[in-house]
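The structure under discussion appears below in the form of structure tokens.
Protein chains get the first letters and strands the later ones, always in sequence-line order, with residue 1 at the start of each.
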Amino acid sequence: MFKKLWNLFIAFTRASNLGFGGGPALIPLVKAEAVDRYQWMDNEEFADSLAICNALPGPIATKMAAYIGYKIAGWLGAFIAIVGTVAPTVIVVVLLGSLIAKYSNSPELKAMLQAVRPVVVVLVAETAYDMGKKSFPTGSSWGIAVATVALLYLANIHPAFIIVASMLFGWVVYGRNKK
Amino acid sequence: MFTQLWDLLVAFARASNLGFGGGPAVIPLIKIEVVERYHWLTNAEFTDALAVGNALPGPIATKLAGYVGYQEAGWLGALVANIGVILPTVLAVILLAGFLMKYSNSPVLKGMLKGVRPVVVVLIAQTAFDMGKGSFPNLTTWGIALATVVSLYWLKLHPALIIVISMAFGLLVFR
């Protein structure tokens, strides 16, 4: 049992600390650990677990860790796999963040942050572009996008309502097309 | 103190449970909570948090929760914000696994996810636009943005590397 938990911890720590670009970038690394290295599941089971996780909101990496950890070693396994995924990078980001807060008046730090902000803007825009490429298969998806912009900027509606409304719309319009 | 922790828990749980498409889809919702609703960070500070988060590996939503939670209420705040991000969806995935397995290929669920995806794209684009408003005070910053696009698409440089290079550049040029 202890060995199993240790393997879970190591597998998810390694996957998390080698993947840049947020949770979705970790998926192939988690697969390398769970399917190829430790053989906790086969390719098909992994695809199933990914489908389950994608059906729910929230970060994908922690859901995968919980699902696989629970399968292998129950609730304790889920907990350990999540700690492996989250703890190392959260601790580093907090330490860096407290340094930024401490030296927020230093001209050196201000110079570095001024230069990095345009990079972050481009990276986030790139995320939108990449997701967009896969998200506009039909004309009606463009309609949803235009409606979203209108509701956000003209009507000042909270995104939560737009998200729920778009899912209801998808249910009614896309959900029945192909049975 | 208790109110602060409760606010952190609620803010991050709400953002996480509305974001379909993994951590990056949660970013705009975290920004709405952190910048617009609770005013824990300014727009520029949120951009800095995202810069630090993107320079490190691992899931992005939990790093933002740790960063913001710690600034507001120390290590306990970082923990509570992360519980908000992680716990509800993790419980759902474990407890509902059998149910979801049955329905993850159903046309209804696929249709709902297809409907929400354009909304997520617009929200992320809006986040980039909002952060962009304060991030281009001079011509050099536009040059950095252009260089980032070139490095990403033609040179295929790693984003974390671009972040580090731009900070070194800023240290030399903007000081």
(request) Please look at Tyr153(B) and chain A and tell me whether the side chain, the backbone, both or neither of the residue comes under 4.5 angstrom of a heavy atom of that chain. (result) side chain
(request) Give a yes or no on whether Val146(A) and Phe161(A) share a hydrophobic cluster (residues Ile, Leu, Val, Met, Phe, Trp, Tyr; joining criterion: side-chain heavy atoms under 4.5 Å apart). (result) no
(request) Indicate the atoms forming the closest heavy-atom contact of Asn54(B) with Phe20(A), along with that distance. (result) O-CD2, 4.1 Å
(request) Could you look at Ala25(A) and say if it's the side chain, the backbone, both or neither that has a heavy atom under 4.5 Å from chain B? (result) neither
(request) Show your working on side chain to side chain contact (heavy atoms under 4.5 Å, CB included) between Met112(B) and Tyr174(A) and close with a plain yes or no. (result) CA-CA 8 Å; Met112(B) 289 169 83; Tyr174(A) 304 131; over 6 Å; no
(message) Counting only non-hydrogen atoms closer than 4.5 Å, does Tyr70(A) touch chain B with its backbone (N, CA, C, O), its side chain (CB onward), both, or neither?
(response) side chain
(request) Could you tell me which portion of Ile100(A) (side chain, backbone, both or neither) has an atom closer than 4.5 angstrom to a non-hydrogen atom of chain B? (result) side chain
(request) Examine whether an atom of Leu29(B) lies under 4.5 Å from a heavy atom of chain A, and if so say whether it belongs to the side chain, the backbone or both; otherwise answer neither. (result) side chain
(message) Please classify the contact of Pro137(B) with chain A as side chain, backbone, both or neither, using a heavy-atom distance under 4.5 Å.
(response) side chain
(message) So for Ile30(B), is it side chain, backbone, both, or neither that comes closer than 4.5 Å to the heavy atoms of chain A?
(response) neither
(request) Identify which part of Leu18(B) has an atom lying under 4.5 Å from any heavy atom of chain A, answering side chain, backbone, both or neither. (result) both
(request) Determine the option with the most heavy-atom pairs under 4.5 angstrom with chain A, choosing from Ile27(B), Ile162(B), Ile94(B). (result) Ile94(B)
(message) If we ignore hydrogens and angles and just use 3.5 Å, is the side chain of Gln114(A) paired with the main-chain N or O of Phe174(B) as donor and acceptor?
(response) no
(message) At a 4.5 Å cut-off on heavy atoms, which part of Asn17(A) comes close to chain B: side chain, backbone, both, or neither?
(response) both
(message) Out of Ala15(A), Ala66(A), Ala101(A), return the one with the most heavy atom pairs under 4.5 angstrom to chain B.
(response) Ala66(A)
(request) Examine whether an atom of Leu152(A) lies under 4.5 Å from a heavy atom of chain B, and if so say whether it belongs to the side chain, the backbone or both; otherwise answer neither. (result) side chain
(request) Please flag which part of Leu26(A) lies under 4.5 Å from any non-hydrogen atom of chain B: side chain, backbone, both or neither. (result) side chain
(message) Please classify the contact of Trp142(B) with chain A as side chain, backbone, both or neither, using a heavy-atom distance under 4.5 Å.
(response) neither
(message) Heavy-atom pairs under 4.5 Å with chain A - which of Val173(B), Ile163(B), Val26(B), Leu113(B) has more of them than the others?
(response) Ile163(B)
(message) With side chain to side chain contact (heavy atoms under 4.5 Å, CB included) as the criterion, how do Val119(B) and Ile144(A) come out once you've worked through the C-alpha distance, each side chain's angles and the decisive distance to 0.1 Å?
(response) CA-CA 7 Å; Val119(B) 177; Ile144(A) 295 175; 3.6 Å; yes
(message) So for Ala160(A), is it side chain, backbone, both, or neither that comes closer than 4.5 Å to the heavy atoms of chain B?
(response) both
(message) Quick check on the interface: out of Val120(A), Val93(A), Ile60(A), Thr148(A), who has the most heavy-atom pairs with chain B under 4.5 Å?
(response) Val93(A)
(request) Sort out for me which of Gly22(B), Gly66(B), Ala145(B) touches chain A most, counting heavy-atom pairs under 4.5 Å. (result) Gly22(B)
(request) Heavy-atom distances under 4.5 Å only: say whether Lys63(B) touches chain A with side chain, backbone, both or neither. (result) both
(request) Assess whether atom NZ of Lys133(A) is packed by more than 12 heavy atoms of other residues, nucleotides or ligands within 6.0 Å. (result) yes
(request) Against chain A, label Ala125(B) side chain, backbone, both or neither, depending on which of its atoms sit under 4.5 Å from a heavy atom there. (result) both
(message) At a 4.5 Å cut-off on heavy atoms, which part of Trp75(A) comes close to chain B: side chain, backbone, both, or neither?
(response) side chain
(message) As an exercise: rank Pro59(B), Ala160(B), Gly170(B), Pro57(B) by heavy-atom pairs under 4.5 Å with chain A and give me the winner.
(response) Pro57(B)
(request) Could you have a look at Lys71(A), Met131(A), Glu108(A) and say which one has the most heavy-atom pairs with chain B under 4.5 angstrom? (result) Glu108(A)
(message) Looking only at heavy atoms and a cut-off of under 4.5 Å, which of Ala51(A), Gly19(A), Ala125(A), Ala65(A) has the most pairs with chain B?
(response) Gly19(A)
(request) Sort Leu146(B) into side chain, backbone, both or neither according to what part of it lies under 4.5 angstrom from a heavy atom of chain A. (result) neither
(message) For Asp48(B) and Arg117(A): C-alpha separation, side-chain torsions, deciding distance, then whether side chain to side chain contact (heavy atoms under 4.5 Å, CB included) applies.
(response) CA-CA 7 Å; Asp48(B) 300 341; Arg117(A) 279 180 199 144; 2.8 Å; yes
(message) For chain B, which candidate among His158(A), Glu126(A), Lys110(A) shows the most heavy-atom pairs at distances under 4.5 Å?
(response) Glu126(A)
(request) Please flag which part of Tyr67(B) lies under 4.5 Å from any non-hydrogen atom of chain A: side chain, backbone, both or neither. (result) both
(request) With a 4.5 angstrom heavy-atom cut-off, could you sort out which part of Ala97(B) is near chain A: side chain, backbone, both or neither? (result) both
(message) Quick check for you: among Leu109(B), Val122(B), Ile32(B), Leu172(B), which has the greatest number of heavy-atom pairs under 4.5 Å with chain A?
(response) Val122(B)
(message) Which atoms of Ala147(B) are under 4.5 Å from chain A, going by heavy atoms: the side chain, the backbone, both sets, or neither?
(response) neither
(request) Could you tell me whether Trp40(B) atom CH2 has more than 12 heavy atoms of other residues or ligands within 6.0 Å of it? (result) yes
